[in-house]
Asker: 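Have a look at this one.
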Amino acid sequence: MSFFGFKGGVHPPELKAAAGKAIETVPPPQTAVIPLAQSLGKPAKAAVAKKDAVLRGQLIGEAQGMVSANVHSSISGTVKDVGPARGPLGTFVECVFIESDGKDQAAEFKGADLNALSPQEVIDRIKAAGLVGMGGATFPTHVKLAPPPGKKIDTLIINGCECEPCLTADHRLMVEKADDVMAGAAIFRKALGVARAIVGVEDNKPDAAEALSKSASRHGVEVAVLHVKYPQGAEKQLIKALLNREVPSGGLPMDVGAVVQNVATAKAARDAVVEGRPLYERVLTLGGGAAQGNRNFLVRIGTPFSEVVKFAGGTKGDAMKIVSGGPMMGLAQATLDLPVTKGTSGILLLTERETGPQRMFPCLRCGKCYDACPMGLRPALISRCVEKRRFDELEGLDVLDCIECGCCAYECPANRRIVQNVKRGKAEIAKIRRKRKEKEDKAKAEAAKPKA
Ligand code: SF4
Ligand code: SF4
């Protein structure tokens, strides 16, 4: 097939030191701290109470409303508490604390034959299993599989790019569980009712492409090998690279007839439908110069980061920075006292040298950030408007299209804090729009009042 590429982007060092390391299993934690907010949208509501006995895979949090996802226990034991603890964003969220009984006893999982299920039954199984986008976006998977009437989907894309430096969890999953990933792709294709499904893999993972290709014809899924470029794993860039379709400003992949799912989500869909097993564990990469080697681990949801690090042999020297996710788009964290969640693709322990230069210089107006931005934005101008608090000017600059990829900051020779400023700009726009709506609603209510 032809490839079309995408504008902008960068080529950071790959640093994929764990690419050849097989997935190892971290033992279940003694206490699992499982956040009820693990997806975009509304947090789940606790379905258990203190002192309840639970089994591995049992529902402990019920999705609330359309954009929300169920949450399941990752161990068997007793609910110690339901209360606040640090969640995936480093803020306090409602969590279920489960003390292990050491038995790791599973609930009864009921698998199904895909051929015997209707598309809606497939979606229902995926919804019940609490699947979310495991590349980091954590959007509830069942919502993506049910586009609104009028949106015609013709292509499913399975995202196997894993373009972030350091991360190799998806890579290993594609090598070691290629057939399951392809079976998951076929499950998504059935749910969406589309004829075409493509797995996109970058050419720095030839072993993954080879493993997937062996299963491709059995599941009727194409494998496309793309030249490495960051951020090719972002939905809009992958759609452009594979299908030459541009998602409009403010739009979604479904606006151009595509749905994108991550390879780990595809594997989880296979487990949910074929085995009836909910999402209670995931593969992640532990890496960075302050980690004892870079490795890939299968980890139960709710396991503290500190236990993963301990299992791997502790730290090597001082970690200057803890990152949840990859070095380009991941979130800096203040502590290892955080639970692994469905969206945790990596834990990085970075040294001082790896955190890069800290000193910031005045903008040189070199334009490198403009060239690097894959969304065609004007990062320096946006950043300047935010610094000068000229928030009204932001609306004409398409700030909400920013995918927070970090290409602008990566290319900036002056080390400007562009991404932080753009994120702040997005929050300010949301605030301006909220206030405008409140004002409009108030004016409408006034106008509707009967005249005296
Ligand atoms: S402005 Fe946003 S989308 Fe553009 S390069 Fe910077 S972070 Fe990426
Ligand atoms: S890359 Fe940095 S120095 Fe160059 S224009 Fe953008 S913000 Fe300014």
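Start at 1 and go down the list; that is how both ligands and their atoms are numbered.
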Asker: Give the residue, atom name and distance (to 0.1 Å) of the protein heavy atom nearest atom 3 (S) of ligand 2.
Answerer: L364 N, 3.2 Å
Asker: Do you see an N/O/S atom of C408, backbone or side chain, under 2.8 Å from atom 2 (Fe) of ligand 2?
Answerer: no
Asker: Judged on heavy-atom distance to atom 4 (Fe) of ligand 2, which of C366, A409, C373, P413 sits nearest?
Answerer: C366
Asker: Answer side chain, backbone, both or neither: which part of C369 comes under 4.0 Å from ligand 1, heavy atoms only.
Answerer: neither
Asker: Go through ligand 2 atom by atom and flag the ones less than 4.0 Å from a non-hydrogen atom of A380.
Answerer: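 Counting from 1, the qualifying ligand atoms are 5 (S), 6 (Fe), 7 (S).
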Asker: Find all atoms of ligand 1 within a distance of less than 4.0 Å from any non-hydrogen atom belonging to I403, and give their numbers and elements.
Answerer: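 That gives atoms 3 (S) of ligand 1.
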Asker: What protein heavy atom sits nearest atom 8 (Fe) of ligand 1, and how far off is it?
Answerer: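 Result: C405 SG, 2.3 Å.
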Asker: Has A372 got any heavy atom lying under 4.0 angstrom from an atom of ligand 1?
Answerer: no
Asker: Below 4.0 angstrom from a heavy atom of C412, which ligand 2 atoms are there? Numbered from 1 as shown, please.
Answerer: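 Those qualifying, in numeric order: 1 (S), 2 (Fe), 3 (S), 7 (S).
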Asker: Using every non-hydrogen atom in the two residues, find where E393 and C385 come nearest and quote the distance to one decimal.
Answerer: OE1-SG, 3.7 Å
Asker: Do you know which two heavy atoms are closest between V93 and G87, and how far apart they sit?
Answerer: CG2-CA, 3.6 Å
Asker: Heavy-atom contacts with G406 under 4.0 Å: which atoms of ligand 1 show up? List them by number with element.
Answerer: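 Answer, ordered by atom number: 7 (S), 8 (Fe).
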Asker: Is the backbone of K42 close enough, under 3.5 Å, to the side chain of S68 for a donor and an acceptor to pair up by distance?
Answerer: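 Side chain of S68 to backbone of K42, a donor-acceptor pair under 3.5 Å: yes, one is there.
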Asker: As an exercise, identify every atom of ligand 2 less than 4.0 angstrom from a heavy atom of R365.
Answerer: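 Close to R365: 5 (S), 8 (Fe).
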Asker: Quick test: of every protein heavy atom, which one is nearest to atom 2 (Fe) of ligand 1, and how far off is it to 0.1 Å?
Answerer: C402 SG, 2.3 Å
Asker: Can you list the ligand 1 atoms lying under 4.0 Å from a non-hydrogen atom of E404?
Answerer: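 Answer, ordered by atom number: 2 (Fe), 7 (S).
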Asker: Shortest non-hydrogen contact from K16 to E164?
Answerer: NZ-O, 2.7 Å
Asker: Checking Q333 side chain against P88 main chain: does a donor-acceptor pair fall under 3.5 Å?
Answerer: yes
Asker: Determine, using heavy atoms of E411 and all atoms of ligand 2, whether some pair is separated by less than 4.0 Å.
Answerer: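 No; E411 lies far enough from ligand 2 that no heavy-atom distance drops under 4.0 Å.
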Asker: Backbone N or O of L156 within a donor-acceptor pair of the R196 side chain at under 3.5 Å?
Answerer: no
Asker: If the test is side-chain contact (heavy atoms from CB on, under 4.5 Å), which one of K214, R270, H219 qualifies with D179?
Answerer: H219
Asker: Looking at ligand 1, is there an atom of it that comes within less than 4.0 Å of some heavy atom belonging to I418?
Answerer: no
Asker: Look at the side chain of E202 and the backbone N and O of K229, then say whether any donor-acceptor pair between them is shorter than 3.5 Å.
Answerer: yes
Asker: Can you give me the closest heavy-atom contact between S73 and I98, atom names plus distance?
Answerer: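 So the minimum-distance heavy-atom pair works out to OG-CD1, 3.3 Å.
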Asker: Can you name the atoms of ligand 2, numbered from 1 with element, that are less than 4.0 Å from a heavy atom of G367?
Answerer: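 Under 4.0 Å from G367, ligand 2 has these atoms: 4 (Fe), 5 (S).
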Asker: In sequence, state the C-alpha distance, the side-chain angles, and the governing distance for E354 and T351, and then conclude on side chain to side chain donor-acceptor pair (under 3.5 Å).
Answerer: CA-CA 5 Å; E354 289 170 322; T351 60; 3.3 Å; yes
Asker: What atoms in ligand 1 come closer than 4.0 Å to a heavy atom of P374?
Answerer: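 Once the distances to P374 are compared, the set is 5 (S).
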Asker: With a cut-off of 4.0 Å, which atoms of ligand 2 are near a heavy atom of C363?
Answerer: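 Those atoms are 3 (S), 5 (S), 7 (S), 8 (Fe).
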Asker: On a heavy-atom basis, which atom in S383 and which in N421 lie closest, and how many Å separate them?
Answerer: OG-ND2, 2.8 Å
